[in-house]
Amino acid sequence: EAAWGPGWPRRTAVLVPATTADAGRLLGRDAARTAPYAALAVGDASVAGAGVRIVVQPSVFDALTVTGRSVVLAHELAHVALRGKLALRGTRPLPRWLVEGGADQLARTGRGLDPAALAAPLLAAVRAGAEPRVPPDADFEAAAGTDVIGVAYAAAWTLCESIARRCGAGALVALQRALAGGAPLAATARSVLGEDLQTLVTGWRAEVRGGLAGWR
């Protein structure tokens, strides 16, 4: 509500199946496509009465700490709020890095978590010689592989966190609202954030290469 206000459904079913196969059936997807994720928000907020629900993927969710579970549920509720406020089908037309990174930024803020630990897959990849890059939508899909997904989520979160630190906590929600109508990203980002997106990405890359020093 701090991010999106009270004008979203605020009542959401959280389904907790017994197995990964059951989760796949509830999600209408092959179990292999759901296996990497702790939970997923599904449903169409653009159809009145259809609603959006959260399906827990038990083999991943059960292994999390209490704090980890809280963060995952907050992340998925951020998706519910976004879809409810913007009447979106799924998470399109917004770029996945903004949707996933924005949800993580909202879910992790104020919890006292170690940024370097949260971004460990990305920082490890950079230490191994990879360049920090804005992850394309395909990197968030199960077919990309667990390692690629881990780096994608870490890159998305650190980029969104960097933008929020530089442009203000409300900047990500404002950008999501502005893009919901299908406006071009680069021009919209400049008008909403007050800075060129490439400049923000360049600053983020420098922070990542520096191991997120000072992020506390």
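Because only heavy atoms are used, hydrogens play no part in the values below, and waters and symmetry mates are left out as well, while side chains stay in.
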Side chain [X], main chain [Y], donor-acceptor under 3.5 Å:
X	Y	result
Arg83	Ala41	yes
Arg69	Asp62	yes
Asp139	Val148	no
Arg33	Ala142	no

Do the side chains of [Y] and [X] get nearer than 4.5 Å, heavy atoms only?
X	Y	answer
Tyr37	Ile149	yes
Glu100	His75	yes
Val55	Pro17	yes
Arg111	Ser70	yes
Val60	Val72	no

For residues [X] and [Y], report the shortest heavy-atom separation together with the two atoms involved.
X	Y	result
Pro135	Ala152	CG-O, 3.6 Å
Leu212	Ala119	CD1-CB, 3.8 Å
Ala107	Val71	CB-O, 3.5 Å
Val151	Ala125	CG2-CB, 4.3 Å
Glu76	Ala39	OE2-O, 3.0 Å
Ala171	Cys167	CB-CB, 3.7 Å

Distance-only donor-acceptor hits, side chain of residues 173-185, under 3.5 Å, sequence neighbours excluded:
residue	atom	partner	partner atom	Å
Gln176	NE2	Leu98	O	3.4

message = Tell me which pairs pass side-chain hydrogen bond (donor to acceptor under 3.5 Å, both in side chains) where either residue lies in residues 6-21, with sequence neighbours left out.
response = Glu1-Arg10, Thr19-Asp22, Thr20-Gln57, Thr20-Ser59
Nearest 0.5 Å, what's the [atom1]-[atom2] distance between [X] and [Y]?
X	Y	atom1	atom2	result
His79	Leu40	NE2	CG	8.0 Å
Leu159	Glu207	CG	CD	9.5 Å
Arg205	Gln198	CZ	CD	5.5 Å
Leu200	Glu195	CG	CD	5.0 Å
Leu94	Asp137	CG	CG	10.0 Å
Thr158	Leu118	OG1	CG	10.0 Å

ask   = Would Val126 and Trp215 show up in the same hydrophobic cluster when neighbours are defined by side-chain heavy atoms closer than 4.5 Å?
value = yes
ask   = Is there a path from Leu197 to Val208 through hydrophobic residues (I, L, V, M, F, W, Y) whose side chains come within less than 4.5 Å of each other?
value = yes
message = Applying ring-ring contact (aromatic ring centres under 6.0 Å, His included) as the test, list every pair that has at least one member in residues 108-155; sequence neighbours left out.
response = Phe140-Tyr153
